[in-house]
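Quick notes on the structure that follows.
Each chain gets a letter, A, B and so on, in the order the sequences are listed, and its residues count up from 1.
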Amino acid sequence: QQQVKQSPQSLIVQKGGISIINCAYENTAFDYFPWYQQFPGKGPALLIAIRPDVSEKKEGRFTISFNKSAKQFSLHIMDSQPGDSATYFCAATIQGAQKLVFGQGTRLTINP
Amino acid sequence: DVKVTQSSRYLVKRTGEKVFLECVQDMDHENMFWYRQDPGLGLRLIYFSYDVKMKEKGDIPEGYSVSREKKERFSLILESASTNQTSMYLCASSIAGGSHNEQFFGPGTRLTVL
């Protein structure tokens with residue numbers, strides 16, 4: 001079974017700190033890696049995504065770092081804010097596959 | 001705005017009952033998905049539909065069936081609910097074709113089976 005392994009399962013960060021969530025995958029055919037953000041009582045929503053032809057993608061305070069040789073990618077949240085408190089899911093897919101393989105999720109809490 | 005709605009936010013059923021979870025999307029998406037979300041296990045795909053009356057098993061289809069009679073509506077059916085089906089159920093939709101398509105999720109239905 002194709003898998004994406006995500007860690008940590010939960011994370012507590014002080015306001016203003018850097019939050020880091022890591023994911024590792026097995027299938028080298030994966031070619032698109034999105035992150036989804038889920039607030040309590042809501043469904044997940046696409047936050048940011050990266051393709052393996054770049055090593056980093058930044059959108060505001062959110063950055064994905066990608067290491068193709070290690071088959072790992074990570075989400076960095078700079079200057080973390082209490083409003084960033086949510087559950088984050090990494091995912092992976094193959095072009096044209098239509099389906100996503102999700103990681104186990106990370107519950108992030110930003111303390112004020 | 002894409003909108004995916006689910007018929008119930010909370011549902012309590014008894015073991016052995018037949019349960020219907022309904023999902024409707026308003027963006028004319030071809031693809032629709034049912035996931036269950038459990039702590040530490042992430043989102044696991046139950047069933048996927050890429051067209052009306054078409055369905056494909058996901059990773060954990062056992063104990064579930066689906067129905068898609070209209071493009072905008074995708075139903076998840078628990079023929080005989082069991083306590084191990086207590087979970088959060090999420091519906092999602094996406095357009096077909098293209099290289100990588102964003103999935104849009106509903107708010108979820110928290111199902112408790114007693």
Can you check side-chain contact (heavy atoms from CB on, under 4.5 Å) on A:Thr93 and B:Gln103, steps first, answer last?
-> CA-CA 12 Å; A:Thr93 188; B:Gln103 291 189 14; over 6 Å; no
Please answer whether the main-chain N or O of A:Gly41 pairs with a side-chain N or O of B:Arg9 as donor and acceptor at a distance below 3.5 Å.
-> yes
For the side chain of B:Tyr50 and the backbone of A:Gln98, is there at least one donor-acceptor N/O pair under 3.5 Å apart?
-> no
Give the minimum heavy-atom separation between B:Glu56 and A:Lys99, together with the two atoms involved.
-> OE2-NZ, 2.9 Å
Do you know which two heavy atoms are closest between A:Pro44 and B:Leu90, and how far apart they sit?
-> CD-CD1, 3.9 Å
Nearest 0.5 Å, what's the [atom1]-[atom2] distance between [X] and [Y]?
X: A:Gln9; Y: B:Leu41; atom1: CD; atom2: CG; answer: 8.5 Å
X: A:Tyr36; Y: B:Phe105; atom1: OH; atom2: CZ; answer: 6.0 Å
X: B:Ser94; Y: A:Leu46; atom1: OG; atom2: CG; answer: 12.0 Å

Please flag which part of A:Gln6 lies under 4.5 Å from any non-hydrogen atom of chain B: side chain, backbone, both or neither.
-> neither
Which bit of A:Pro34 is near chain B, if near means a heavy-atom gap under 4.5 Å: side chain, backbone, both or neither?
-> neither
Give a yes or no on this: more than 12 heavy atoms of other residues, nucleotides or ligands lie within 6.0 Å of atom CZ of B:Arg44.
-> yes
Is it true that atom CZ of B:Arg14 has more than 12 heavy atoms of other residues, nucleotides or ligands lying nearer than 6.0 Å?
-> no
Quick check: is [Y] connected to [X] through a chain of hydrophobic side chains (ILVMFWY, heavy atoms under 4.5 Å apart)?
X: A:Phe33; Y: A:Trp35; value: yes
X: A:Ile110; Y: A:Leu47; value: yes
X: B:Leu21; Y: B:Ile60; value: yes
X: A:Phe30; Y: A:Ile21; value: yes
X: B:Leu11; Y: B:Phe74; value: yes

Is chain A contacted by the side chain of B:Leu43, its backbone, both, or neither, given a heavy-atom distance below 4.5 Å?
-> both
